[in-house]
Participant: 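Pasting a structure below so you can have a look.
None of these values were measured; they are calculated from a predicted model. When a residue number appears, it is its place in the shown sequence, counting from 1.
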Amino acid sequence: MISRIDLRGDALPEGAALRDLLPRAEFDVEAALEKVRPICEDVHHRGTAALIEYAQKFDGVRLEQVRVPAEALAEALAGLDPKVRAALEESIRRARTVHRSQRRSAHTTQVVPGGTVTEKWVPVERVGLYAPGGRSVYPSSVVMNVVPAQEAGVGSIALASPPQAEFGGLPHPTILAACALLGVDEVYAAGGAVAVAMFAYGTEDCLPVNMVTGPGNIWVAAAKRYFTGKIGIDTEAGPTEIAVLADDTADPVHVAADLISQAEHDPLAAAVLVTDSEDLAAAVEKELAPQVAATKHVEDRIRPALAGRQSAIVLVDSLEDGLKVVDAYGAEHLEIQTADAAAWAARVRNAGAIFVGPWAPVSLGDYCAGSNHVLPTGGCACHSSGLSVQSFLRGIHIVDYTRDALAEVAHHVVTLAEAEDLPAHGAALKARFGWKVPGQ
């Protein structure tokens, strides 16, 4: 059901050579880019008419309007299962608790007497948030996008989710209910690259945004790449992934359950166990079969995900080697199920989020840990972070110098300007001092 990669016996290679040995899904955003380009430009030129046409083509629905009416949001919230509402409210509460503490305040540094640099943090003015709606419904992604944007102080928030034929062309009602709980009233029935293009270019109904965030399929990722530079993006999210670093103290029942939980997202989802224990590897393999047989989405998601090239049990000689492997892999979600798990977790350098010990499964982070589940995939955790309040803030430096403070350093500025053959830069200072710079 899941393959093995045996890295025992020889010294592990470094860098890219090690990454090349590790399982990873094929996810060709560049090829998808060529297909989304004409769609994006069509939305640019035809606006709402293009959105309606693509909803018919891709989602099988005939829309009368793309923006979700206010009464549909209210009806969705009124019809929400009370248990689901309570769970969403707790998820929102915990996410707010964590993200509110991420707020930044301005900081002023006195460089010299009379010379200061202040860094202030300004929220993005308008954002477009995306909540997927393909194989599953993700109200949790609404929470994870909206809460940090709100806590950052973003003034204008719009959200898009694909139209659903079974709900009359509206996004899934649980998505709409989550929006209503969060006070987001600008919601659009638009999916994939079409939604990203709507946000980037704007339409008759939707003003353009400064930034788009949220997980999605390869078409969303390709559209984000297409618009990079025109708008800000969080990340080009690929298939979801879990890596588990475990030793012989780990419970194979827990490990197998956690691998399966990630595999149920998508047939391209990655489930990777890295262990120095042959016994644990065998026990997890044995445990997978009955747990898979007892769950849902087996043939269309879980089996192909576990059997795919992106999933494997990776055997290593030691946990030290295991740490090198998970750092090279840079998992979206990394569980540490070892003795002294917190100490090993503290040494990890590359992961979207780290889950410590047997009582912090990825599922907790998906919903109610308070952390954010919009995380970098495909090894991007080696250079990128998950969604947070900081994602929606811009740092701006404010430079404030008196005449005396400028005079003290003016000769250095002129010298560096002339060294770069930019004499007008130096002249800008000379003009302030009657063309005779102090210190020269």
Side-chain angles (χ1 to χ4, degrees), residues 1-10 12 18-26 239-339 341 344-345 348 351 354-364 366 377 379:
M1 182 177 294
I2 190 169
S3 63
R4 284 194 182 193
I5 298 173
D6 197 337
L7 299 181
R8 295 174 296 180
D10 297 317
L12 291 176
L18 177 54
R19 288 193 293 274
D20 288 345
L21 297 176
L22 302 179
R24 190 76 76 184
E26 287 189 19
T240 191
E241 57 201 22
I242 182 176
V244 181
L245 177 63
D247 62 13
D248 58 6
T249 68
D251 187 329
V253 174
H254 296 174
V255 175
D258 293 352
L259 297 176
I260 293 167
S261 73
Q262 213 63 25
E264 79 172 334
H265 277 285
D266 187 275
L268 289 178
V272 177
L273 167 61
V274 180
T275 183
D276 62 347
S277 171
E278 174 83 37
D279 289 343
L280 178 69
V284 169
E285 288 171 331
K286 183 178 180 180
E287 186 62 38
L288 283 173
Q291 287 198 34
V292 168
T295 192
K296 194 178 178 183
H297 309 304
V298 174
E299 298 304 327
D300 62 328
R301 304 182 204 175
I302 295 174
R303 286 193 190 278
L306 292 176
R309 59 180 291 176
Q310 71 273 16
S311 298
I313 295 174
V314 181
L315 289 163
V316 292
D317 284 318
S318 65
L319 283 182
E320 287 290 344
D321 282 349
L323 183 62
K324 293 177 183 177
V325 168
V326 297
D327 268 337
Y329 185 72
E332 177 189 16
H333 310 94
L334 174 63
E335 290 187 356
I336 308 293
Q337 297 201 36
T338 65
W344 286 102
V348 173
I354 303 170
F355 300 83
V356 182
W359 307 115
V362 167
S363 300
L364 174 65
D366 284 342
T377 62

Participant: Show the nearest heavy-atom pair for residues A270 and Q310, with the distance to one decimal.
Facilitator: CB-O, 3.4 Å

Participant: Between CD of E332 and CD1 of I242, what distance do you get to the nearest 0.5 Å?
Facilitator: 9.5 Å

Participant: Donor-acceptor check, side chain of E335 to backbone of V362, threshold 3.5 angstrom: yes or no?
Facilitator: yes

Participant: Could you tell me whether the side chain of S3 and the main chain of A312 form a donor-acceptor pair under 3.5 Å?
Facilitator: no

Participant: Kindly compute the distance separating CG (L18) from CG (D20), expressed to the nearest 0.5 Å.
Facilitator: 9.0 Å

Participant: Within the distance-only criterion (no hydrogens, no angle test), does the side chain of Q262 pair as donor or acceptor with the backbone N or O of T240 below 3.5 angstrom?
Facilitator: no

Participant: Answer whether the closest heavy-atom distance between the side chains of H333 and D366 falls below 4.5 Å.
Facilitator: yes

Participant: Give the C-alpha distance, both sets of side-chain angles, the deciding distance and a yes or no for side-chain contact (heavy atoms from CB on, under 4.5 Å) between I5 and L22.
Facilitator: CA-CA 8 Å; I5 298 173; L22 302 179; 5.7 Å; no

Participant: Test salt bridge (Lys or Arg N to Asp or Glu O under 4.0 Å) on E278 and R4; report intermediate values, then the result.
Facilitator: CA-CA 11 Å; E278 174 83 37; R4 284 194 182 193; 2.6 Å; yes

Participant: Quick one: CG on D6 to CG on L315, what's the gap to the nearest 0.5 Å?
Facilitator: 5.0 Å

Participant: Is the closest basic N to carboxylate O distance between R309 and E26 below 4.0 Å?
Facilitator: yes

Participant: Between T249 and D247, do the side chains contain a donor N or O and an acceptor N or O under 3.5 Å apart?
Facilitator: yes

Participant: Backbone N or O of D276 within a donor-acceptor pair of the R8 side chain at under 3.5 Å?
Facilitator: no

Participant: Would you say the side-chain atoms of D251 and Q337 include a donor-acceptor pair closer than 3.5 Å?
Facilitator: no

Participant: When you measure from the side chain of S311 to the backbone N and O of A305, does any donor-acceptor pair fall under 3.5 Å?
Facilitator: yes

